[in-house]
Amino acid sequence: MISVNNIYKKFGSLEVLQDFNLNFEAGISYAMMGPNGSGKTTLIKTILGMVIPDSGDIEVQGKSIKGEFAYRANIGYMPQIGRYPGNIKIGQLFRMMQDMRPGIENYDMELVRNFGLDEMMDKPMHTLSGGTRQKVSACLAFMFHPVIYILDEPTAGLDPMAVEVLKNKIKKERDQGKLFLITSHILSELEELTTHAIYLYEGKVFFNNSIEELKETTGETKFSTAIARLMEWSLKKQPQKKPNHV
Ligand SMILES: Nc1ncnc2c1ncn2[C@@H]1O[C@H](COP(=O)(O)OP(=O)(O)OP(=O)(O)O)[C@@H](O)[C@H]1O
């Protein structure tokens, strides 16, 4: 559904993505992990066409995204930090986004209701707390029935009740066969929501396999300990038990 082929991206002299190859299949939920600055957000923005790679190509649903915009309609994206015009009200923002998708009549408003945002439609964006802005971003990512969801630190800043609402929605859509790509530093959340682990280190894919395989490769039964082991290996650059982990 998404294939990332030989992507290379530099910012100045910093090589952020180095000869990157990854495939994301329909119906699978991927956890993308890695230390701060390892390239997770840059990869996401490259898939979304917001960052242009120096070389390589990305295909979404079998078509190259070079010079294309229409494919974005199939992706629900929740950014790490949502930026919106300050004076626009929540309701106006939703209507504006809906007007930009004239082909869709039936919107997914489940998160809007479950977050209680339907009671806050007249609030201007600049008056909202960070968590409420985050809820608005989540609602927009789910509103247009996308087939691919890309969620960058989706629960950061949400209160525990809102985290449960969002996790339940992710599980519901995931169980209907949608593709999810989720980055987070909260490992328990990733274990609960995803089945496949991708670990980035210094702009390279260090591990890419199922969570089951991750546990087997590291010899650990707990997800968090298995990730800790991967981190240890990446820092020491030690070979793993199984050489073909990528
Ligand atoms: N537009 C940009 N210009 C210059 N450097 C950038 C730009 N965007 C990202 N970088 C750098 O690229 C590297 C990778 O950043 P990126 O945001 O992809 O990391 P990340 O893995 O998502 O990190 P985090 O876990 O902190 O969110 C960082 O060193 C960052 O400073």
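Atoms within each ligand, like the ligands themselves, are counted from 1 in listed order.
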inquiry  = Give me the nearest non-hydrogen protein atom to atom 16 (P) of ligand 1 as residue plus atom name, then the distance to 0.1 Å.
reply    = Thr42 OG1, 3.6 Å
task = Could you check atom 25 (O) of ligand 1 against the protein and tell me its nearest heavy-atom contact, residue, atom and distance included?
result = Lys40 NZ, 2.8 Å
remark   = the protein heavy atom lying closest to atom 17 (O) of ligand 1 turns out to be Thr41 CB, 3.6 Å
query = Any side-chain heavy-atom pair from Leu190 and Thr183 closer than 4.5 angstrom?
reply = no
query = What is the nearest protein non-hydrogen atom to atom 29 (O) of ligand 1, stated with its residue, atom name and distance?
reply = Leu14 CD2, 3.3 Å
Protein contact to atom 23 (O) of ligand 1 [nearest heavy atom, distance to 0.1 Å] = Gly37 N, 2.9 Å
query = Just wondering, more than 12 heavy atoms not from Lys167 lying within 6.0 Å of its NZ?
reply = yes
Top protein contact for atom 27 (O) of ligand 1, by heavy-atom distance = Gln80 NE2, 3.2 Å
note = Taking only non-hydrogen atoms of Asn36 and a 4.0 Å limit, the atoms of ligand 1 in range are 23 (O), 24 (P), 25 (O), 26 (O)
query = Counting from 1, what ligand 1 atoms have a heavy atom of His185 closer than 4.0 Å?
reply = 25 (O)
query = Could a heavy atom of Lys45 be found less than 4.0 Å from some atom of ligand 1?
reply = no
task = Around atom 9 (C) of ligand 1, find the nearest protein heavy atom and jot down its residue, atom name and distance.
result = Phe11 CE1, 3.5 Å
Salt-bridge contact Lys172-Glu110 (side-chain N to carboxylate O under 4.0 Å) = yes
request  = For atom 31 (O) of ligand 1, decide whether some protein heavy-atom distance is shorter than 4.0 Å.
outcome  = no
ask   = Do Ser137 and Tyr84 have side-chain N/O donor and acceptor atoms under 3.5 Å apart?
value = yes
key: salt_bridge(Lys215, Glu220) N-O dist < 4.0 Å   = no
query = Angle class for the Phe180/Phe142 ring planes (parallel below 30°, perpendicular above 60°, tilted otherwise)?
reply = tilted
remark   = Quick look: Val16 vs ligand 1, heavy-atom contacts under 4.0 Å, and the answer is side chain
ask   = Does a sphere of radius 6.0 Å around CD in Glu212 hold more than 12 heavy atoms from other residues, nucleotides or ligands, not counting ones at 6.0 Å or beyond?
value = no
message = Yes or no, since that's all I need: does a protein heavy atom fall within a distance strictly under 4.0 Å of atom 13 (C) of ligand 1?
response = yes
message = The test is side chain to side chain contact (heavy atoms under 4.5 Å, CB included); show your working for Lys63 and Tyr71 and say whether it passes.
response = CA-CA 9 Å; Lys63 279 180 71 181; Tyr71 77 96; over 6 Å; no
Lys222 atom NZ, over 12 foreign heavy atoms within 6.0 Å = no
Min heavy-atom dist Gly39 to ligand 1 below 4.0 Å = yes
